[in-house]
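Okay, so here's the structure we're looking at.
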There are 2 protein chains.
Amino acid sequence: MNRSESTSPFPGSGTPRRSDATRGAIVAAARERFATDGYERATIRAIARDANIDPSMVMRYYGNKEGLFAAAVAIDLRLPDMSGADRRQDAGRILVEHFLDMWENNEVLTALLRVGVTNQAGAERMQDILREQLLPVAQQVCPDPEQVPARAALMASQLLGLALTRYVLRIPPAMGLTRAQIVAWLAPTIQRYLTASNP
Amino acid sequence: MNRSESTSPFPGSGTPRRSDATRGAIVAAARERFATDGYERATIRAIARDANIDPSMVMRYYGNKEGLFAAAVAIDLRLPDMSGADRRQDAGRILVEHFLDMWENNEVLTALLRVGVTNQAGAERMQDILREQLLPVAQQVCPDPEQVPARAALMASQLLGLALTRYVLRIPPAMGLTRAQIVAWLAPTIQRYLTASNP
DNA sequence: AGGGCATGTCAACGATTGTTGGCAAACAGA
DNA sequence: TCTGTTTGCCAACAATCGTTGACATGCCCT
């Protein structure tokens with residue numbers, strides 16, 4: 001069995017390998033290219049050039065381009081726990097602030113959004129993240145379990161819409177909004193989508 | 001001067017040409033391909049095959065791929081006039097309903113959103129549309145002219161976010177929402193973004 | 001010290017892409 | 001009817017893509 005065929009990109013999780021530095025450089029370059037260029041225009045050759053290695057190394061370590069994308073875009077939204085009545089009535093503000101922190105410090109989110117729009121596998125990955133990470137949070141806040149998926153979808157539409165206009169399309173007036181303004185405007189929206197009674 | 005070098009795709013606007021049928025087939029096929037595949041994966045060869053003509057015809061009539069995209073994606077949101085106090089206090093509902101009609105009957109909008117995310121020219125086109133079509137509507141509804149760009153950006157974030165999750169990413173719970181549900185949830189949001197006093 | 005495996009480079013492959021120029025046929029105006 | 005233009009197809013181009021296999025170098029274990 002060839003130990004090096006594993007695709008785990010990080011040292012510390014599993015047996016450390018001599019090539020971990022190279023693997024790290026590859027996924028780092030891949031993240032950047034996928035974020036700025038999207039899936040199709042982010043070429044393996046350009047990623048390899050950024051990582052200062054040969055393109056064939058990418059193939060050896062990650063199999064193919066899809067494998068590289070899967071390894072480079074591993075997303076954990078680190079959503080805070082929303083149990084407790086005090087947090088529940090502040091859920092809108094907390095979630096909006098958390099999302100802003102995430103998007104401004106994590107280029108992987110931009111990469112996933114860019115790829116998800118033009119790539120089927122990317123779109124499915126986004127669906128997974130919403131189902132496994134966003135939906136549980138909605139479940140903690142929303143009263144009626146049956147309405148949770150719809151409310152989570154509404155929340156996602158507003159939060160992803162903000163990310164789309166501000167970080168991907170880079171629409172000037174959306175970029176001009178201050179953090180405080182965004183929180184002040186969007187927090188009540190999210191709060192209402194999660195907790196308001198059926199309109 | 002070669003009359004056929006014009007890129008006007010439709011008969012009726014300008015001198016009719018013998019090749020107008022072909023031109024129409026090309027832009028129709030282009031719209032569909034750009035909508036489903038995005039810019040990079042929509043190949044000129046595939047578009048030409050759909051239109052039952054030779055790829056070189058696309059080049060002759062539209063110069064290059066960018067020219068074809070520009071000719072295929074001409075967007076008029078046909079936003080209703082929002083003057084009048086009665087319409088102004090119903091702006092949220094009217095706009096949400098109008099956007100749903102547009103997105104469900106016009107594949108060009110999906111095409112532009114898909115392309116705008118991965119293509120610089122597409123993103124700039126979206127900015128133009130927002131500035132020239134969405135901003136004036138916000139101006140009719142919003143009291144303070146200085147706040148119009150920010151309010152239009154907020155409205156765009158929610159409306160584009162809905163289109164993103166529902167028509168592009170096709171997230172199941174977002175697709176499961178009925179038209180009535182969407183209007184009921186989003187109309188107050190848009191109304192507030194446009195008319196509420198500074199939060 | 002030596003055998004085996006991991007790491008890395010190099011060159012090339014087949015496929016596909018946007019794009020171009022030449023040539024045949026159909027049409028339009030005289 | 002004749003001439004020039006428009007329409008269309010065909011073949012090919014240069015570039016680039018993801019991907020592969022051969023080969024050299026270095027590290028690790030016994």
Side-chain angles (χ1 to χ4, degrees), chain A residues 1-9 11 14-27 29-30 33-34 37-72 115 118-122, chain B residues 1-9 11 14-27 29-30 33-34 37-72 115 118-122:
Chain A
M1 192 62 173
N2 191 343
R3 203 184 50 182
S4 78
E5 295 305 326
S6 161
T7 55
S8 169
T15 309
R17 284 158 304 202
R18 190 152 40 100
S19 60
D20 278 334
T22 300
R23 297 170 118 95
I26 291 175
V27 292
R33 285 285 179 178
F34 282 132
D37 296 341
Y39 189 80
E40 332 288 337
R41 298 172 59 156
T43 69
I44 289 186
R45 286 175 150 91
I47 292 169
R49 199 178 320 122
D50 291 351
N52 274 81
I53 45 94
D54 191 87
S56 63
M57 302 300 296
V58 178
M59 308 302 299
R60 194 197 302 257
Y61 291 144
Y62 300 100
N64 53 28
K65 194 177 180 179
E66 279 197 27
L68 172 62
F69 176 74
V115 173
T118 47
N119 188 271
Q120 178 63 23
Chain B
M1 191 62 175
N2 191 343
R3 202 185 51 182
S4 77
E5 295 304 325
S6 161
T7 56
S8 169
T15 310
R17 281 158 307 202
R18 192 154 37 102
S19 59
D20 278 335
T22 300
R23 296 172 119 93
I26 291 176
V27 291
R33 285 285 178 179
F34 282 133
D37 296 343
Y39 188 80
E40 333 287 339
R41 298 174 61 155
T43 68
I44 288 185
R45 285 175 152 90
I47 292 168
R49 199 179 320 123
D50 292 351
N52 275 81
I53 46 92
D54 190 87
S56 63
M57 303 300 297
V58 178
M59 307 304 298
R60 190 192 302 247
Y61 291 144
Y62 299 100
N64 53 28
K65 193 176 180 180
E66 279 196 27
L68 173 61
F69 176 75
V115 174
T118 47
N119 189 270
Q120 178 63 23

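Protein chains get the first letters and strands the later ones, always in sequence-line order, with residue 1 at the start of each.
- Between the P atom of D:dT19 and the CD1 atom of A:I47 lies a distance of 11 Å, rounded to the nearest Å.
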Can you check side-chain contact (heavy atoms from CB on, under 4.5 Å) on A:E40 and B:T118, steps first, answer last?
CA-CA 9 Å; A:E40 332 288 337; B:T118 47; over 6 Å; no

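- Atom CZ of A:R18 is separated from atom P of D:dC27 by 7 Å (rounded to the nearest Å).
- Applying the 4.0 Å criterion to OP1 and OP2 of D:dG8, one finds that B:S19 has every side-chain N and O outside that range.
- OP1 or OP2 of D:dT6 has not a single side-chain nitrogen or oxygen of B:Y61 nearer than 4.0 Å.
- B:N52 has its CG atom 13 Å from the C1' atom of D:dC9, to the nearest Å.
- Remark: C1' of C:dG8 and CZ of A:R23 are 13 Å apart, rounded to the nearest angstrom.
- Rounded to whole Å, atom P of D:dG8 lies 11 Å from atom OH of B:Y62.
- Contact of the A:I44 side chain with the A:N64 side chain is not registered, since no non-hydrogen atoms from C-beta on lie closer than 4.5 Å.
- In this structure, the side chains of A:R23 and A:I26 stay at 4.5 Å or more apart for every pair of heavy atoms.
- Between A:F34 and A:Y39, the two ring planes are parallel [angle under 30°; tilted spans 30° to 60°].
- Side-chain contact check for B:N119 versus B:E66: every heavy-atom pair is 4.5 Å or farther apart.
- At distances below 3.5 Å, not a single donor-acceptor pair connects side-chain atoms of B:S19 with backbone N or O atoms of B:T22.
- Distance, B:D20 CG to C:dC27 P: 16 Å, rounded to whole Å.
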In B/S/- notation (B base, S sugar-phosphate only, - none; protein heavy atoms under 4.0 Å), nucleotides 13-24 of chain C written 5' to 3' is ----BBBBBB--

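- Between B:R17 atom CZ and C:dC27 atom P there is a gap of 18 Å when expressed in whole angstrom units.
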